[in-house]
Amino acid sequence: MDQPQTAPTGGPAMSAAEPIRGQDSMHPDGQYSRLAKVFHWTTVPLLFLAIATGLTIRFMKDDAKMGFYALHESAGLLILFLSLARLTWRGFATPPLLPDHIPPTMRFAANLVHHLLYAALIIQPLLGFFTTNAYGFPLQGETAFLGFIDFPKFMNGNETLATILHWMHSLVGWSLPFLLAAHIGGAIHHHALRRDGTLMRML
Ligand code: HEM
Ligand code: HEM
């Protein structure tokens, strides 16, 4: 993942409604590509769905539980496939340069959070997938991917492995709301306080 570098345009005084302009020849309006935006905003509801269902599955009565698993696992795997496609696309359409009025610490923090988010978007569904398989519940029948695509059985049940993977899946799952709070808080800070047009790069 290349770090967006600086570009000598814009300033904190710029109106929040105005996109940052003149970044470089590939991004004349300083915006992420249309497809990058589609990937970003499609992932948002899926991720909230995956987190909400993940945290609430345990409280569901048995008759509703399978539906929740199906929803959770399908949303999670969709996130995985979307994120793999998104990162591939990012290799071709690099992000717009960050304007040079963004201080180095802020630039560093934003990039760190972006890297951690990308890592979580890939690792978390894989952990979930291997957890269910290790518990002996491949995505078949009631929990088929998207309700109708049966995945082959990946491994034999292994209780110890399942417990470790489940623990790791919980750890990443509980870290995600904090990462997202930092990311969304950062976006709101740029938009509402610094008014530097950063949010418009992704809209
Ligand atoms: C980005 C995608 C995903 C996110 C954000 C996510 C998030 C979560 C969260 C927050 C929990 C609750 C953890 C806890 O309270 O201990 C959970 C549980 C779980 N997840 Fe995921 N998950 C994702 C993908 C998947 C996938 C793809 C699968 C399987 C194919 C999966 C299978 C499970 C299972 C089996 C549980 C345990 C549920 C229970 O019985 O309490 N997850 N997930
Ligand atoms: C909830 C799930 C979200 C995830 C997983 C997520 C993830 C990401 C990632 C990985 C990037 C880096 C893109 C790249 O450089 O390739 C990014 C950029 C961005 N996100 Fe999000 N995001 C989420 C929600 C939001 C929300 C709700 C907002 C707005 C309030 C937002 C605003 C932005 C903005 C403005 C950028 C561009 C930052 C820049 O110009 O460098 N994101 N997001």
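Model, not experiment: these values are computed from the prediction. As the structure lists them, so they are numbered: ligands from 1, and atoms in each ligand from 1. The first residue in the sequence is number 1, and the count goes up from there.
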Before signing off on this row, confirm whether H183 and ligand 2 have an N or O atom pair separated by under 3.5 Å.
-> yes
Heavy atom of W41, distance to ligand 2 below 4.0 Å | yes
Residue part near ligand 2, for W89, under 4.0 Å between non-hydrogen atoms = neither
Name the orientation class of the two ring planes belonging to H183 and H40 (parallel below 30°, tilted from 30 to 60°, perpendicular beyond 60°).
-> tilted
Verdict with supporting geometry, K65 and I57, side chain to side chain contact (heavy atoms under 4.5 Å, CB included) | CA-CA 6 Å; K65 216 166 195 156; I57 286 173; 4.1 Å; yes
Element-labelled atoms of ligand 2 that are located less than 4.0 Å from some non-hydrogen atom of R86 = 8 (C), 9 (C), 10 (C), 11 (C), 13 (C)
Is the backbone N or O of F129 less than 3.5 Å from a side-chain atom of T132, with the two atoms forming a donor-acceptor pair by type?
-> yes
Can you name the side chain to side chain contact (heavy atoms under 4.5 Å, CB included) partners of M168, sequence neighbours left out?
-> L127, I164
Return the protein residues near ligand 1 (heavy atom under 4.0 Å from any of its atoms), ordered by chain and residue number.
-> L47, A50, I51, G54, L55, I57, R58, Y69, H72, E73, G76, L77, I79, Q124, P125, G128, F129, T132, L139, H166, H169, S170, G173, W174, L176
Sub-3.5 Å donor-acceptor pair from the side chain of Q31 to the main-chain atoms of M200, do we have one?
-> yes
Report, in ascending order of atom number, the atoms of ligand 2 lying under 4.0 Å from any heavy atom of M202.
-> 18 (C), 19 (C), 34 (C), 35 (C), 36 (C)
Side-chain donor/acceptor of H72 to backbone N/O of G54, under 3.5 Å = yes
Counting heavy atoms not belonging to Y135, are there more than 12 under 6.0 Å from its OH?
-> yes
For R90, the atoms of ligand 2 under 4.0 Å from one of its heavy atoms are 14 (C), 15 (O), 16 (O)
Counting only heavy atoms not in E142, do more than 12 sit closer than 6.0 Å to its CD atom?
-> no
Between the main-chain N or O of T94 and the side-chain N or O of H27, is there a donor-acceptor pair closer than 3.5 Å?
-> yes
May I ask you to identify, for H191, whether its side chain, its backbone, both or neither come under 4.0 Å of ligand 2 on a heavy-atom basis?
-> neither
Please work out whether any backbone atom (N, CA, C, O) or any side-chain heavy atom from C-beta onward of H40 is under 4.0 Å from ligand 2, and answer side chain, backbone, both or neither.
-> side chain
Polar side-chain atom of D150 near backbone of G141 as donor-acceptor pair, under 3.5 Å | yes
For H114 and ligand 2, does the shortest N/O to N/O distance drop below 3.5 Å?
-> no
Might you work through the side chain to side chain contact (heavy atoms under 4.5 Å, CB included) test for T42 and R86, ending with a clear yes or no?
-> CA-CA 11 Å; T42 316; R86 178 176 176 182; over 6 Å; no
Would you mind running through ligand 2 and noting each atom that sits below 4.0 Å from a heavy atom of T198?
-> 35 (C), 40 (O)
Please state which part of I184 comes within less than 4.0 Å of ligand 2, counting heavy atoms only: side chain, backbone, both or neither.
-> side chain
